[in-house]
Each structure stands twice: as C-alpha cells, then as structure tokens.
Amino acid sequence: MSNVRVRFAPSPTGKPHTGNIRTAVFDWLFARHNGGKMILRIEDTDRERLDPTAAEEMIRALKWVGIDWDEGPDIGGPHAPYLQSDRRETHLEYANELIKSGNAYRCYCTRERLEQLRKTQEERGLPTGYDRRCRYLPPEERARYEESGATYTIRLAMPREGTVTWNDAVFGDMSWEYRLVDDQVIVKSDGFALYHLAATVDDHLMEITHVIRGEEWLSSTPKHIFIYHSLGWTPPTFVHTTHILGPGRRKLSKREASSEFMNFAAEGYLPEAVLNFVSLIGWTPGDDRELLSPHELIESFSLEGLVGHPAILDEEKLLWYNGQYIRSLSLPELAKRALPFLIKSGLVEQNPSPEKLNYLASVIALEQERIKTLADVASVADFFLLDDDKYEFDVKAVAKWFNAAGVGERLAWVREKLAALSLFNAETIEQVIRLGIEKFSVKPGEVIHPVRVAVSGRTVGPGLYELIDVLGRDRSLRRLDRALTLVSK
RNA sequence: GGCGCAUUCGUCUAGCGGCCUAGGACGCUACCCUCUCAAGGUAGAGACCACGGGUUCGAAUCCCGUAUGCGCUACCA
C-alpha cells in the first residue's frame, strides 16, 4: 500500500478533544507506516458552531504531540483548498449531479413542518425520519415552489430496497438495509453542504484511500457509500475507531481534564509519553511492548491491531508513562522542559542567568527519578529555589525530628564540621555525617533525618549528601542555623 | 421505539478451535535495595473469558438468544 492517503478532518467547533487527537494519531501512524500521505482538512461547514480559534488550536495540538502532515490548509497541496468552506462550489456541483441522476432532490419543507413531523412520529412511537414528501412532489407543485423562489435543501433519494455491504477495517463485514436509511439532507438552505456530502466529495477528490474516523459514523456509512456509487466512484476503505471513555464507562466529558487534549501539556506531560499512551488506547502492537518510541509506533502500526470496543482512559497509567519518559530524558533536555513550569510557579525568574540555569540542572538531576510530570518539579524542589529563610518546615517533620533529646547538639556539631570542611562535596559531607553518627553513638537516622529536615524542611527527598552538596556550604549553614532556632532546647 | 456495534483481571490489553489450570502492562500488596521518598528488582493477590443455549472429539475463540453499555436515528460533525 504505497499510495495510502489518509486525512484527519476535524471540525473547528471547540478545543481539541483527546478522542480527536487519537484519531489523528492513528491516521498519522498509518500514513507514515505505509509511506503514504497525511492530509489535514478543516471541516468548517457548520457556520453556526464555528469557533474562529479552533483550527489554530487543533494545529497546535497536533504539532505538540508530534504529528505532521503533507497537505493542509496551512501548507497547501495539490488538492487545495483544504478548508472545507472554500470548497462549497465543488460540493454544490456534485449535489446537482446527484439531482440530475435522480439520486437527490430539492426539498422545500420548512423547519416547522419537519419539527411537527418528528413530533408526531415520536408521539406515536414511530421511527423518526423524513416522510419523503418532496421526493414525490407532483411536477406542477415543484414548479410552483421554484417560481416562488422558495428556499430549499437537497436530500439524498435513498433506495427503497436493497442492501449495502462493505468491509470495515475494524468491524469486518457490515451490511445495512437501504430502506432503513433516511433521505438525509446533504445541502442546507444556506447553500453549505453537510458532512455527508462534503466529506464524501472531498475524500474522493483528495484521493483518500482510507477513511479513519470515529465509530459514530458507522451508522451513516451507507449514505456515504450510496453517494460514492451514485457518482460512479469507488468507496475508500472505512476504518471506524471506537471511542475513548471516561471513568465509569461514560463518555469522556468536558469535565474530565483529560478530555481537553492540551491539558496534558499544561499539566506537565511529555508529548512523547502522551503519544505512546494514546496510541495504545484502542490499538495494540500485538505483542507485550508497552514503551514504544514514535518510530517504533510507526513501524508496528497496522489496522489489524485496532480494537473493536471502547476503552477507558486510565490517567494512572499515563502518569506511569510520563515517569518513564521523564527518566529517559537527558538532563539538559529535562531542565529545558521543566523550566517553564518553574517560571510559572514563580520559583524561577523570567530569564534566569547561566549560573541559575546551572544550579537548576543539578537540582533537577537529583529530582529526576522522583517526578512524574514536569509540573511536579515545582512542588518537589521548591526548597532548593526558595531563600534560606523562606522555605517551609513541615510541621510533622519538625515535631518528629526536632524534639528528640540531643538533636540540637548534633545539629550544631554537624554545622561546625561542615563549616570547617576544606573540601565540600557529597563525599566529604558523608564523612562528616558518618563521623557524627559514631561520635554520638546513635543510629544513622538520628543524625541524617534531623539534618534533612533542617536543610530542606521535609522528610522526603534526594540523598542527603547530594542534597547538601547542591545547596552549597553557605546556604546549608544558614539553614542549619535557622533550624537550630526551632529545636527544643 | 427502530437500526447498528461492543462485552477477557479495577483499568489498557494478548488470545483469532487444542500451546489457556487465560499471558503482559498500569494500579494494589509484600519483600529486597536503602538515610527518607522515589527509582529499580523479586514475589503475590486479582478474570468461573457478561449470562444461557447450541456446533465440535475439543470453545475465551464459531452460531443463536438474553442482559448490559455505547453509537446513530438534525438544515451538527
């Protein structure tokens, strides 16, 4: 399949949804796996729901997660335009062709009549749908409508009998009775084509070979196939992907942070982790691998691995992925990515000096295996960045370690020894602590823990010797002094 | 209501008739490592394969029914 062409066709009606992006990911992996083309098309035919910033945000989200495309509204391509509203004339052209061949017709019914119709159908427990009044309009009545200049929509004249079949790449052999399919409106009274027509025409004209889209489209595929056939075209392969659900197997609601895709970026997730995670929701490489680089994802991707049932997005697992990727990052890279989060939390100034950047790197080196998101750096390493008289002491930590007998004496002793050290590094610091343990004949923890609380304010964190080393002698001594004032005499 | 799709550990999934007394991962528990927290390592608990019928020498795997969930049923996508 070297001529594979797939398209991701979002409608710009709001913030990018995780489900949308996952579909884009599948498109992209499939295109790249086959050496085909990835096309971005913006389906903005719904002028009422249009959100002017949505397309940009979509592009930003796609780029963030690492997806690129070969043709699109931003870069053009051989099948331009890629903004669906710019293709209006083309859609109309084919709508008229459908009318000419008797596969579509103008419908003059008012919205009011349609609403009334639906209401009675619902009341009587009948299947809802258009009653095809205008399809069988007497010629003279039709002429009257035309002369009066009445507005109209264009509807598909669906076959009243027969069955349509196709092979869905995910769900396998599908078959549908045509008589159950409604005479769908394909052109609105405002002259814009509806999805069914627009997408079908564009997909064909853009030579799309595989239509990868959400399973909500499964039920309308018969309409699309009917359009393809009516126009004498060959339908593409349909690939209907199942939905991503929220906790409780409910639809991923806007309430869930994970539904809005770029929240992942804001929360400090790495794009490569998100890509890996999202790829594995509803798709499996077929083996036991969990950690796959973008390259490996592309290499392993196949339609056969697509799963036929919806999946719940498990944020705990995403967190694990993120931790894995954070630990695999080089130090400079991690520092670079964490910096914006530090700045945002006010721990680091806007344009830090090279010295500060250096210090940051050594801090992050100590915390790398302790964080799961970039945002965690701020909470876990704040004491490194706060002034020596500003970092906070954890109340419980103080209560536990500063009240024991002899703590003040040990802390003061350590303070003096550290001050006297000619060479100040993790190794010599450890020697001091060890010496203290021996001198006071106490358990290691009885020296180590109070010192840790003294210099960091808490009981958890990196190894004490490295911690003090990074903090530096002057700051450590100041902190020890500050802690001494808190120790019960 | 009609039509369609789905149903394996809490979660993501492997499985495409015998290799399954159902495998992996996240999470959970215990232990090891250790100055704490992590990370890492080891072990464990966790699924009567939704339920009921078939088909077959043999079914998680094929067929039918039921239940449940989801989707579609718009001049939204």
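As the structure is a computational prediction, the values presented were derived from the model and not from experiment. Proteins come first, then strands; the chains are lettered A, B, ... in the order of their sequence lines, and each starts at number 1.
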Could you pull out the protein-nucleic contacts involving nucleotides 63-72 of chain B (nitrogen or oxygen on both sides, under 3.5 Å)?
unit_1	atom_1	unit_2	atom_2	d
B:G71	N2	A:Ser219	OG	3.3

**OP:** Provide, to the nearest angstrom, the distance between the CG atom belonging to A:Leu280 and the P atom belonging to B:C12.
**Re:** 13 Å
Subject >> Minimum-distance nucleotide (side-chain atoms of A:Thr153 versus B:C35, B:C75, B:A38) >> reply: B:C75
Original post:
Any idea which of B:G27, B:G40, B:G24 is nearest the A:Lys317 side chain?
Top reply: B:G24
Original post:
Salt bridge check: are A:Asp131 and A:Arg113 linked by an N-O gap of less than 4.0 Å?
Top reply: yes
**OP:** Tell me which nucleotide among B:A77, B:G1, B:G27 gets nearest to the side chain of A:Thr45.
**Re:** B:A77
**OP:** Return the nucleotide paired to B:C28: Watson-Crick means purine N1 to pyrimidine N3 with N6-O4 or O6-N4, wobble means G-U with N1-O2 and O6-N3, both under 3.5 Å.
**Re:** B:G44
**OP:** Please measure how far the P atom in B:A22 lies from the corresponding atom in B:G46, and state the result in whole Å.
**Re:** 11 Å
**OP:** Tell me which of A:Asp190 and A:Arg434 sits closer to the 5' end of RNA chain B, going by the nucleotide each one is nearest to.
**Re:** A:Arg434
Subject >> Nearest-angstrom distance, P atom, B:G53 to B:A59 >> reply: 14 Å
Subject >> d(CG, A:Asp288; C1', B:C12) in whole Å >> reply: 13 Å
Subject >> Whole-Å distance separating the NE2 atom of A:His309 from the C1' atom of B:C12 >> reply: 8 Å
**OP:** Look through every strand shown and name the nucleotide pairing with B:C19 as Watson-Crick or G-U wobble, where both distances are under 3.5 Å.
**Re:** none
Original post:
What does A:Arg124 touch in the nucleic acid at a heavy-atom separation under 4.0 angstrom: a base, only the sugar-phosphate, or nothing?
Top reply: nothing
Original post:
How close or far is atom P of B:A6 from atom CD1 of A:Ile244, stated in whole angstroms?
Top reply: 19 Å
Original post:
Closest to the A:Asp46 side chain: B:C35, B:C37, B:C76?
Top reply: B:C76
Original post:
Is a salt bridge present between A:Asp190 and A:Arg47, judged by a nitrogen-to-oxygen distance below 4.0 Å?
Top reply: no
Original post:
Rounded to whole angstrom units, what separation is found between the CD atom of A:Glu466 and the P atom of B:U36?
Top reply: 13 Å
Original post:
Which value, in whole Å, describes the distance between the P atoms of nucleotides B:G41 and B:U55?
Top reply: 50 Å
Subject >> For B:C33, the Watson-Crick or wobble partner whose two distances fall under 3.5 Å >> reply: none
Subject >> Residues that A:Trp401 engages under ring pair (Phe, Tyr, Trp, His ring centres under 6.0 Å), provided they are two or more places apart >> reply: A:His449
Subject >> Rounded P spacing from B:U11 to B:C72 in Å >> reply: 24 Å
Original post:
Say you pick atom C1' in B:C19 and the same atom in B:U36; how far apart are they, in whole Å?
Top reply: 47 Å
**OP:** Taking the six-membered ring of A:Tyr152 (Phe, Tyr or Trp), confirm whether the NZ or CZ of A:Arg106 is under 6.0 Å from its centre and within 45° of its axis.
**Re:** yes
Original post:
Is A:Arg458 touching bases, backbone alone, or none of the nucleic acid, heavy atoms closer than 4.0 Å?
Top reply: nothing
Original post:
If we take the P atom in both B:G23 and B:A43, what is their distance in whole Å?
Top reply: 14 Å
**OP:** Give one of base, sugar-phosphate or nothing for A:Gly461, where a contact means two heavy atoms less than 4.0 Å apart.
**Re:** base
Subject >> Nucleotide nearest A:Thr284 when distance is taken to its side chain, options B:G40, B:C76, B:A14 >> reply: B:A14
Subject >> 5′-ward residue of the pair A:Leu180/A:Glu48 relative to RNA chain B >> reply: A:Leu180
Original post:
Can you check whether A:Gln184 has a side-chain N or O nearer than 4.0 Å to OP1 or OP2 of B:C76?
Top reply: no
Subject >> Pairwise P distance, B:C37 and B:G44 [rounded to whole Å] >> reply: 25 Å
Subject >> Nucleotide B:A38, atom C1' - distance to CG of A:Leu467 in whole Å >> reply: 14 Å
**OP:** Tell me the partner of B:U61, counting only Watson-Crick (N1-N3 plus N6-O4 or O6-N4) or G-U wobble (N1-O2 and O6-N3) with both under 3.5 Å; none if nothing fits.
**Re:** none
Subject >> Cation-pi, A:Tyr178 ring and A:Arg160 (6.0 angstrom, 45 degrees) >> reply: no
Subject >> Aromatic ring proximity A:Trp283/A:Phe26, centre distance under 6.0 Å >> reply: no
Subject >> B:A60 and B:C16, which share atom name P, separated by this distance in whole Å >> reply: 13 Å
Original post:
For the ring pair A:Phe383 and A:Tyr391, is the centre-to-centre distance below 6.0 Å?
Top reply: no
**OP:** Would you list the pairs meeting salt bridge (charged side-chain N to carboxylate O under 4.0 Å, His left out) in which at least one residue belongs to residues 304-322 of chain A, sequence neighbours left out?
**Re:** A:Glu290-A:Lys317
**OP:** Tell me which nucleotide among B:A74, B:U13, B:C75 gets nearest to the side chain of A:Thr128.
**Re:** B:A74
